[in-house]
Amino acid sequence: MIFALLVHDAPVGRHSSQAAYRFASELLAGGHTLFRVFFFGDGVHHSTRLNLTPGNETDLPQRWSRLAAEHGVDLVSCVGSALRRGIVDEAQARQHALEAVSLRDGFELSGLGQLVEASIRCDRLVVFGG
Amino acid sequence: MIFALLVHDAPVGRHSSQAAYRFASELLAGGHTLFRVFFFGDGVHHSTRLNLTPGNETDLPQRWSRLAAEHGVDLVSCVGSALRRGIVDEAQARQHALEAVSLRDGFELSGLGQLVEASIRCDRLVVFGG
Amino acid sequence: MSTQRTRSVLVVCRSAPYGRSRARDAIDLAMAFAAFEQPVTLLFLGEGVFTLAGGQQPPAGTRHLGKLLGTLADYGVGQVFADAAALAERGLAVRELALAAEPAHDDTLRELFATHDRVITV
Amino acid sequence: MSTQRTRSVLVVCRSAPYGRSRARDAIDLAMAFAAFEQPVTLLFLGEGVFTLAGGQQPPAGTRHLGKLLGTLADYGVGQVFADAAALAERGLAVRELALAAEPAHDDTLRELFATHDRVITV
Amino acid sequence: MTLHILFESPFAGHALEECRRVAGAGDALLLAGDGVYALADTAADALHALRADGIALFALAEDCAARGIASAEVPGLGAVDYGGFVELTLAHERSVSWF
Amino acid sequence: MTLHILFESPFAGHALEECRRVAGAGDALLLAGDGVYALADTAADALHALRADGIALFALAEDCAARGIASAEVPGLGAVDYGGFVELTLAHERSVSWF
């Protein structure tokens, strides 16, 4: 079966974001396909490359990035949500003369159309928030 | 009178963060002193310099930075909260070999002792969250 | 199943309009699905019904959600429902809403949740 | 008034322990104020009383708040209170808590809020 | 005396209830943000009870206006702007934020 | 048939109530995160009512364990791990998340 996930909340201090990652790992381990994870609203904070997580805590941005590399999962952060929150890719940083890029490898910024496409292409869409 | 503020929540999509800024502007306009604003938890997202806010919306990180420059307000983001969330200053970026700095001018990263000091030094401590 | 071109979507807004940005997120999601020609139903449930309140006058720098609702039809968001029990509990009269949403009682709610391919809560 | 060396602080935890990080934030705040020799009272109010539940076994990668509570006294957090009505509503018995918090009924709660220099809700 | 500041809708959570349990005569309550929904319909009963207990009631006028909530419907309620919010914090020894 | 996933404590908000109003016979409810507090004391009454209405009940075992909540106290409740969570989403046409 083909899955897509929608993640509403930030990676730090939110159980639902841990749950989303655990769910994704488990469905891949079960031989299913994870077509795309769409990070929306505060969820886009998953796509920072500048976070430093203490060694005894789970680094969700890093974990997602690895999962995507291993299994070919599309990780898309909503561009509208991301720019407001300080998540910028190279193109945006250049265009707006920002001195830094904060988007982590393995993630891309794009519009809500990517979520719509995921909804059409997948068999199951699961939402994580709260 | 001397005020200190504690801000719990992110600048984007949270009314209480707008309220904190409005409250700060108004107390300064009234001739009072704002000794320090302490950003805790998700509140540290106020101290990003990489956000791009649409022209018809309020850019709180930029507003706070200006207010601090005009009135000599200490803006402190909790270092423990900040590093987990991708807010890093130059020293941290160097130490951890990150390729970018995300902390905005006018803000500094420091520990909870700065909130304790603010509590001791001020006449009124007002908390914004939710 | 994966090659199907459309999936019906129920977007459920459970938040009041200005305390957080979730109500706006729900409206944006509904518009996006409609823009890509997916059949979309938008439901304001529980606290979300405050988003439909008439007479909203948000300050400058805040998007006017009451007005934004008026553009839903232009985007092709076909049906808008409001939780009838939540409206009553909050003293909101259907005729005073910013948008002519259809009041949904529990049997209608159950049907909405059972008949859409996707349910997206915000 | 601004030169005073200590201010008594009431830290109010209103969140359950693992869904969000607010309960941990409250404990960290209480410890920080105590570490700088401020008189601190920690109150678990409403949903916050779940933070005191005995028998917590969080997974790896999550800080064990039940155990963290046990170190409060070492940091000099003097008094820990738990909302008695909230404990009862949630079926939590005082003797089964992870920490010997003092149950506070409404008169005690009113007194706590009226007698500290600062009240920090989390 | 304490200024309580309510940021949460009483239809969404329990902050107003908890505030009621700890507030005493002479305290004040300011409704801000979604807290102004305490003025809506049945929720206003809690405000009447607070007022009867000697708690002064205020609401941020612009937050009422944004949400289409009429602040005039609860007698004795003071509508304030942010300047008034600052004054309220000065007039009370401490503030407690509920969110 | 629908899988409802509850992430919110019924003592904190109204998600479980709203879920009850829209769930029908043949649906399932999975308690996750703070949703497992629905197993605590009086809140469990709502679960018994759901079960009587023909809704199957499940809870994530590790979230119960983290919070010190005994999942065995509600008869008929299935304790699952994340693999079981995935299976539940496969066994139902759609999922609805409550948070």
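Lettering of chains follows the sequences in order, A, B, ..., and the numbering in each one begins at 1.
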State, to 0.1 Å, how close [X] and [Y] come at their nearest heavy-atom pair, and which atoms those are.
| X | Y | answer |
| --- | --- | --- |
| F:A25 | F:M1 | O-SD, 3.8 Å |
| A:R104 | A:Q62 | NH1-CA, 3.6 Å |
| A:D105 | A:S65 | O-OG, 2.8 Å |
| F:Y37 | F:A43 | O-CB, 3.9 Å |
| A:L125 | A:C122 | N-SG, 4.0 Å |

Please lay out, stage by stage, how F:E17 and F:R21 fare under the test salt bridge (Lys or Arg N to Asp or Glu O under 4.0 Å). CA-CA 6 Å; F:E17 282 170 43; F:R21 289 171 55 212; over 6 Å; no

Could you tell me which of A:A19, A:A29, A:S16 has the largest number of non-hydrogen atom pairs under 4.5 Å with chain F? A:A19

Looking only at heavy atoms and a cut-off of under 4.5 Å, which of A:E26, A:R22, A:H32 has the most pairs with chain F? A:R22

Enumerate by number any residue of residues 33-58 of chain A whose heavy atoms lie under 4.5 Å from heavy atoms of chain F; in the absence of such residues, state 'none'.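 Not one residue of residues 33-58 of chain A has a heavy atom under 4.5 Å from chain F.
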
Residues of residues 8-15 of chain A with any heavy atom under 4.5 Å of a heavy atom in chain F: A:H8, A:H15

F:L60, part contacting chain A, at a heavy-atom distance under 4.5 Å: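 Looking at F:L60, nothing touches chain A.
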
Set of ring pair (Phe, Tyr, Trp, His ring centres under 6.0 Å) partners for F:H14, sequence neighbours left out: none

Is any residue of residues 80-90 of chain F within less than 4.5 Å of chain A by heavy atoms, and which ones?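 F:Y82, F:G83, F:F85, F:V86, F:T89, F:L90, listed by number.
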
Would you say the ring centers of A:W64 and A:Y21 fall short of 6.0 Å from each other?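 Yes.
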
Taking the six-membered ring where the residue is Trp, are the ring centres of F:F99 and A:F128 under 6.0 Å apart? no

Flag the pair [X] / [Y] as yes when at least one side-chain heavy-atom distance between them is below 4.5 Å, and no otherwise.
| X | Y | answer |
| --- | --- | --- |
| F:L31 | F:L39 | yes |
| F:D27 | F:H92 | no |
| F:I5 | A:V126 | yes |
| F:T42 | F:F11 | yes |

Decide whether F:R94 and F:T2 meet the rule of one side-chain donor and one side-chain acceptor closer than 3.5 Å.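 Per modelled atom types, F:R94 and F:T2 side chains form a pair under 3.5 Å.
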
